[in-house]
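Here the structure is laid out as structure tokens; the discussion comes afterwards.
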Amino acid sequence: MPTTSTDPRAATAALLVPGTTCHGFAVERRETVPELDSDAYVLRHTASGARLLYLACDDENKAFAIGFKTPPADSTGVFHILEHSVLCGSAKFPVKEPFVDLIKSSMQTFLNAMTYPDKTIYPVATTNEQDLYNLMDVYLDAVFNPAIYTKPTIFEQEGWHYELDLPEDAEVDSSSASLREGTLRYNGVVFNEMKGALSDPMSVLDDAVNAALYPDTAYAHESGGDPRAIPALTYEQFLDTHARHYNPSNSYITLYGDLDVDRALAFLDERYLSQPSAASRRMDAAVAAGEDPSTLAPNPLGVQAPVTCEYKRVEMATTPENALVGLGLVLGSALDRKRTIAADILFEALLGSNEAPVKKAILAAGLGGNVVSYTAAESLQPYELIMLQNAQPGVARELRRVFQDACRDLCEHGVPRERLEAIISSNEYDLRQRDYGIADGVAIACDALSTWLYDDDAATLALKYGPVYEELRGELDGSYFEDLLRELVLENDHMALVELVPVDAAEGAEIAEAAELAAKRDAMTDAELADVVERTAALRAAQEAEDTPEAKATLPRLRVSDIGEARPEPPLVVDTTVPIPCLRHDIPTNRLAYAMQYFDLSCVAFEDLPYVTLLCRLLKQLPTSEHSAEELDNLLAGKLGFLSFTTEVMTQPDVDGARPYLLVSAGALSEKIDALASLPREVLSSTLLADADADRVRDVLTQIRIGLEQGFINNGHSAALGRAMSYSSPSAVVREQLSGVDFYLFLRDLLDHFDERVDGLRTKLAELAERVFVADGCLASFTGSDEDFNAYWAAAGDLGLGAGDGADAGRDTLAVPAPCDHHEAFVIPSDICFAARACDPRRLGIDVTGAWAVAANALSYDYLWNEIRVKGGAYGCGFRAAGERQTAFYTYRDPAIDPSIERVERAGAWLGSFEPDEAAFEGFIVSCVSGMDAPVKPYALTKRRNTTYLAGLDPHAREERRAQMLAATPGELRSLGADVTRIAAESPTCVFGGRDVIAKSNAGFNVVDLLG
């Protein structure tokens, strides 16, 4: 249950007085952090040297994180493999997968671990204080006393190992001739994960830029691991690296939220920081054996002296459209926060939109399809990466010239102040909103390490941004930004220019790897090949072995009785007193307001739906009758937190029903309500679509295409899920037409014939806007205070919408084609695959209740995790039972298709014989219910409630589903096994993957070369 403290900050101030000691921790200082409504306490554990930062605030979503400085010395990915491996059992918790056990048994609101280029972080968050201690206990024992020292199979499973694929029915012994006929291959979770990660050209380019900018430091290496280098890592090197880095003196601990910090410090001191660890014992043994203590220190993290890389060429087996050019500029020191933040603002102003002056110059030069930039601030020497996508051949040096010329002109004539001020205002909105996408305490712990890692006195430096923004606003009156631009772009002696050149797949890493493995197999003796087979069998046996009851009993668990009551939500009110019917949300927003309008798209013909998506993307990019595109861009950034135009498809109570909407969403500070009312209205009603500049339109369309292609490569499971659903669900058919593969194919064809179709496109977009943006069929939504609500409607009026005529508007024009199973496998440039089987369970006459959520938890984190991730080597997998209208299996970064499909088909049989012990089953229920109860930010909560209304769901459905979860029994889950078998057998399948991976499947897919 949440703590009952009414004033955690006052209680902490009385306990943690600077200059005193509490449970072995010396309290070094206390600081107020108004930006986070918290007090920060910086402590040091005297005996171990562990650093600790506690942020006392009234957030019930408490968090803990422990991080280590882990700069790599090579690209074997040792720290990434360690991140996975230490969570595979420990001395106190000797189960195979405590990480997974926590996911399926705790009330966590965040549970994961992350490897950065110079650090590794293990964060958790939960709304239950006892759960926080449970999570801390497991994580701390994992990092300090992992089972890796006694179980080499963990390294083989998570890192890499050989496997020998033998002919069917081959006999195996050290003299067997069939051993020579086998195919040697690598397998391992991190190995396969990084094959997928480095199928992304942008990741490959970023690595190459880092290697050029920081050739003499840890940043020159791929911290996640290069699949070509991972097999060079030995087990002994792996253990040695852990022992040198995973010790308290190299650690950074963060506590956050409304918690009993006295208890937390005592726990840390007594349980871990004052106790010897597995790593310390290995280090002591090394010293006792005469090893030089200086060789046992952590890897150094040094500063790179300025270097200039005039040009570097990197080749990659990928499609020609993935050609890239990257220009990297080192910004200075991570501890110079003003400079780093100012650079981020500056480059956002210059490159952040199509109207930004430097981006506009680059696009006008015709060098490529898009330009993006980002500030990499989480390193010792932050850098800016300017990236040209879909680059024309040989334009690297021309990109640099155009970029520098545009910046030179701005240095001489001034960076537009309205753009800088708009970006500062936009950033300040985001900072007030504090919507990190994850638990606040986790995001803050990671932010703190972006400076704390490099200076013990900088624990809060990255968190106290208020004075920096105030100072930068003052700098708008002088030449600060021009001077900074000149230093970073025109006078910078620490930069790199890198071009990524696509080459044929035959020249790629996969071919090199196959040749390398064939040579290794030929060099092995028969006994060594037999050993590979035997070791693989031993690994499989370890993976299949059940944890003993004694081992399971060591895990801390919550009971259903630990779950509090459901969070009450105010009823959703439809206010019809305002000009447009409005869903009214009474939700605290920290002086922000959110306004939305849902426009019914049933007036649009199915074949015209792709144009609706284009309309959404072009609005804000084109001038209106009142402002130029550049003026509008500045106004939107300066006056609003965001303005977006998207499409959403609501499933309906009728399984054959589909209701698409065009959603206009905007957010603003309470003091800018007038802009929240006027600016979206202006864009909707007066964008000059019929006269849109053809080059501008082409640029936007090209950028959409590039973004879709990146999504197919990096998030192929989402694309596969959507496509698989479209084989049986009309709603998913509409989604495919609006944003999936069908939309992508439409867009490619449109771009291929752009010149002859652009006039018709402009006419179509103008006609669509006139038909869609009417009051008839529009539903509004507002979240904010009563005062803001009244002020908004007083300013908004009827939103500038015509009354609309149902008949004239063509309501119910939309006719959705019947779904059809195409059984497709889409070829993408990758060495792995993503697969999905999905359907609407109502098609099979299956009623998905809350018990299905518990079953999905068990299937995902017990059966599928062990079968597809642990044994199969895929990076991710799962089963979804989303509400009552989707069930789906999926795999993520999977090395093979057919083995995973076979395991999916056995899922129902596993569930049918599911017999968990009482504690384990309660854990499944606890984690399901806590996931439903997790705190949600106001904007996300608003959208969820709106979706419930528009999808025709019972407003009490969540409460009923929660009650069904709490009432679920093992017998009820077993009874679902037959239905799971039907879903696995009858749901259509879709795959996105590499050509070689698809070719090895015997599933008879219709293969589509998606990206050409």
Quick one, [X] and [Y] - any side-chain contact, counting heavy atoms below 4.5 Å?
X      : Y      : result
Asp118 : Thr217 : no
Phe144 : Arg271 : no
Arg557 : Asp562 : no
Phe79  : Tyr116 : no
Pro306 : Val330 : no

Problem - Ring centre gap for His494 and Tyr383 strictly below 6.0 Å - result: no
Practice task
Taking the six-membered ring for Trp and the full ring for Phe, Tyr or His, determine whether the centres of Phe64 and Tyr139 are under 6.0 Å apart.
Solution key: no
Keeping the roles fixed (side chain from [X], backbone from [Y]), state whether a donor-acceptor pair exists under 3.5 Å.
X      : Y      : answer
His245 : Pro298 : no
Tyr256 : Ala63  : no
Lys62  : Thr126 : no
Thr150 : Ala147 : yes

Looking at [X] and [Y], does any basic side-chain N land under 4.0 Å from a carboxylate oxygen?
X      : Y      : answer
Asp37  : Arg434 : yes
Glu156 : Lys151 : no
Arg339 : Glu475 : no

Just how far is it from atom [atom1] of [X] to atom [atom2] of [Y], taken to the nearest 0.5 Å?
X      : Y      : atom1 : atom2 : answer
Glu193 : Glu158 : CD    : CD    : 10.0 Å
Phe191 : Met194 : CZ    : CE    : 11.0 Å
Tyr246 : Ile148 : OH    : CD1   : 8.5 Å

Problem - Over 12 foreign heavy atoms within 6.0 Å of OH, Tyr219 - result: yes
Please tabulate, one pair per line, all N/O donor-acceptor pairs under 3.5 Å involving side-chain atoms of residues 94-103, not counting sequence neighbours.
unit_1	atom_1	unit_2	atom_2	d
Lys96	NZ	Gln543	O	2.5
Lys96	NZ	Ala545	O	2.8
Glu97	OE2	Trp865	NE1	3.4

Problem - Pair Ser249, Asn247: side-chain N/O donor-acceptor within cut-off below 3.5 Å - result: yes
Problem - Donor-acceptor pair between Asp39 and Tyr54 side chains, under 3.5 angstrom - result: no
